Protein chains: 2
Amino acid sequence: MKREGASTPNALLGLLSLGPMSGYDIRQMVLRTIGHFWSESYGQIYPGLKSLAAAGLVEKKTERKKGKPDRNLYSITLEGRERLQEWLRAPVSEDVARIELLLKLFFGAHVSTSVNREHVISNMESHQQALKVYLATGKQLRRDKANDPSLRYWLMTLNYGRHHSAAMLKWCRETLAEFDEMESKRKRRQ
Amino acid sequence: MKREGASTPNALLGLLSLGPMSGYDIRQMVLRTIGHFWSESYGQIYPGLKSLAAAGLVEKKTERKKGKPDRNLYSITLEGRERLQEWLRAPVSEDVARIELLLKLFFGAHVSTSVNREHVISNMESHQQALKVYLATGKQLRRDKANDPSLRYWLMTLNYGRHHSAAMLKWCRETLAEFDEMESKRKRRQ
DNA sequence: GGGTGCATGTAATGGGTTACATGATTCT
DNA sequence: AGAATCATGTAACCCATTACATGCACCC
């Protein structure tokens, strides 16, 4: 009877709370702003907007411009805002993340250390890349959104990413050192 | 044409590489050993074992014991081991984790700081708890599995958890301090 | 003429959890 | 008598991605 979960409609409401948007805009927004901890595909967005509209939580207005394709602009209603706040106040549902890297590593003894090493290295690279992005968007936000009341919250999510990626880099380096040790031990025995 | 994903059968093969097990055993194993980064439900395990058996990657033997319910013991075949190694060698497919806490925080300006603070606090508590578990199981593994060739790999996954939770605790403390600051600013203005 | 970006949507498919259904044994 | 643990499995449902389908405008 309790469903719980279903955060996609809430994500949509959240994004529309920043201003009216089309489904296409939402997709771009997701990629540019919350992309490092959230994803939404068109297959979720368009049907999601439709059902939110049917529930009266958002309103649709079709915008016609010569020379450009029609845009369906959605804006959040008062009821939608209430629903969003309700969800924000509800406790965070935590479920176990499935981390494929760790699953492979857990069974790593079945393959050579170099295979496992490669997995760790590519993980390290993606976190190095992510760190750069976090720092850059942090700067950009502080510059462009200096007076936005949401700025602090946005920086918190960025900071989360910073801490996470920094910790992962540390772990990667330690793990690579461990592989070195394992390999030199193996060589000594030969 | 390329499906990619579908890691459940590989997880099952991995667990069975540690020794013959029933579906029930596997569930327990998942919870006790890889539970901090993986989950499998009966609804995945039993059908999964069935199709692995149909593909010849595992073998089923029914064990009958007086006074106890029948157990379907599954063991990995040679072909299954090969398939497992193939998967282990394939690159890790990384997808964006959906972190509900961050989604709520991103839209945090719509509710009071105390609501957001509560979310962060309960996150902090769960990581404190997790850290304790990591340290305890680390000790236990070093004691009980001192000669297991997989020990190093298991400790790597634990270490991942340690680093992650430690970083999250740091982030939580910083974020809580930020809330303090926001609230004292608000008071000063009143 | 062809690629890219804007724009909307659906259908197929996959992957997963939860609830349901059943039943024995052991411990309290 | 009743709860907990062992044990197996299915069905309903939910959530999500990917591929498909369409089409215009702008730039090279």
Side-chain angles (χ1 to χ4, degrees), chain A residues 1-12 20-32 34-35 37-54 58 60-74 93-100 103, chain B residues 1-12 20-32 35 37-54 58 60-74 87 93-100 103:
Chain A
M1 297 283 132
K2 281 272 164 63
R3 49 210 127 48
E4 213 55 64
S7 19
T8 289
N10 296 305
L12 295 176
M21 269 180 265
S22 69
Y24 189 84
D25 292 338
I26 285 177
R27 183 82 221 280
Q28 308 308 309
M29 259 287 180
V30 168
L31 295 177
R32 277 192 301 113
I34 58 177
F37 61 83
W38 204 259
S39 68
E40 291 295 349
S41 60
Y42 287 129
Q44 287 283 102
I45 293 169
Y46 286 114
L49 288 172
K50 203 187 223 179
S51 70
L52 284 176
V58 303
K60 171 178 162 180
K61 266 166 208 156
T62 302
E63 211 185 41
R64 282 187 190 79
K65 278 189 185 165
K66 32 161 191 178
K68 282 194 177 174
D70 284 6
R71 274 161 56 85
N72 294 330
L73 262 198
Y74 290 88
S93 70
E94 40 189 331
D95 46 11
V96 190
R98 296 179 82 167
I99 306 173
E100 210 194 48
L103 190 62
Chain B
M1 297 281 130
K2 279 272 165 60
R3 49 209 131 44
E4 213 54 63
S7 22
T8 290
N10 296 305
L12 295 177
M21 269 181 263
S22 69
Y24 189 84
D25 293 337
I26 285 177
R27 182 84 222 278
Q28 308 308 309
M29 259 289 180
V30 168
L31 294 177
R32 277 192 301 113
F37 61 84
W38 204 258
S39 69
E40 291 294 348
S41 60
Y42 286 129
Q44 287 282 104
I45 293 169
Y46 286 115
L49 288 172
K50 205 187 223 178
S51 70
L52 284 175
V58 303
K60 172 178 163 181
K61 266 165 206 157
T62 302
E63 212 186 39
R64 283 189 189 79
K65 276 189 187 165
K66 27 151 198 188
K68 285 195 177 174
D70 285 7
R71 272 161 59 85
N72 294 330
L73 262 198
Y74 290 88
W87 172 73
S93 69
E94 39 188 332
D95 45 11
V96 191
R98 296 178 83 166
I99 306 176
E100 209 193 48
L103 190 63

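Just so you know, these numbers come straight off a predicted model, no measurement behind them.
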**Report entry** Residues that Arg27(A) engages under salt bridge (charged side-chain N to carboxylate O under 4.0 Å, His left out), provided they are two or more places apart
**Finding:** none
Rounded off to whole Å, could you give me the [atom1]-to-[atom2] distance for the [X] and [N] pair?
X: Lys61(B); N: dT8(D); atom1: NZ; atom2: C1'; value: 20 Å
X: Leu12(B); N: dT8(D); atom1: CG; atom2: P; value: 13 Å
X: Asp95(B); N: dA16(D); atom1: CG; atom2: C1'; value: 11 Å
X: Tyr42(B); N: dT22(C); atom1: OH; atom2: P; value: 19 Å
X: Leu49(B); N: dG9(D); atom1: CG; atom2: P; value: 8 Å
X: Gln44(A); N: dC14(D); atom1: CD; atom2: P; value: 13 Å
X: Glu40(A); N: dT8(C); atom1: CD; atom2: C1'; value: 17 Å
X: Met21(A); N: dT8(C); atom1: CE; atom2: P; value: 13 Å

Report task. Look only at the side chain of Glu100(B) and the backbone of Ser93(A), and say whether a donor-acceptor pair between them is shorter than 3.5 Å. Result -> yes
Requested in this report: Could you check whether Asn72(B) gets within reach of a base, just the sugar-phosphate, or nothing at all, counting any heavy atom under 4.0 Å?
Outcome: sugar-phosphate
**Report entry** Axial bend angle, the helix from dG1(C)-dC28(D) to dT28(C)-dA1(D): five-pair end segments, nearest 10°
**Finding:** 20°
Under 4.0 Å from OP1 or OP2 of [N]: is there any side-chain N or O of [X] that close?
X: Arg98(A); N: dG16(C); value: yes
X: Thr8(B); N: dG16(C); value: yes
X: Lys50(B); N: dT8(D); value: no
X: Ser39(B); N: dT17(C); value: yes

Query raised in the report: Should we count CD of Glu63(A) as having more than 12 external heavy atoms under 6.0 Å?
Result: yes
[X] side chain: which of [options] is closest?
X: Arg71(A); options: dT10(C), dT8(C), dG9(D); answer: dT8(C)
X: Tyr46(B); options: dG9(C), dT10(D), dT18(D); answer: dT10(D)
X: Pro47(B); options: dT18(C), dT10(C), dT10(D); answer: dT10(D)

Requested in this report: Could you tell me which non-hydrogen atom of Leu49(B) sits nearest to which non-hydrogen atom of Val58(B), and how far apart they are?
Outcome: O-CG2, 3.9 Å
Query - Residue pair Glu40(B) / Ala11(B): nearest heavy atoms and the distance that separates them - result: OE2-CB, 4.0 Å
Query - Test side-chain contact (heavy atoms from CB on, under 4.5 Å) applied to Thr8(B) and Arg98(A), step by step - result: CA-CA 10 Å; Thr8(B) 290; Arg98(A) 296 179 82 167; 3.1 Å; yes
Report summary line: Numerically ordered, the residues 22-31 of chain B set in heavy-atom contact under 4.0 Å with DNA chain C is none
Requested in this report: Ignoring hydrogens and angles, state whether a donor on the side chain of Ser7(A) or Asn10(A) is under 3.5 Å from an acceptor on the partner side chain.
Outcome: no
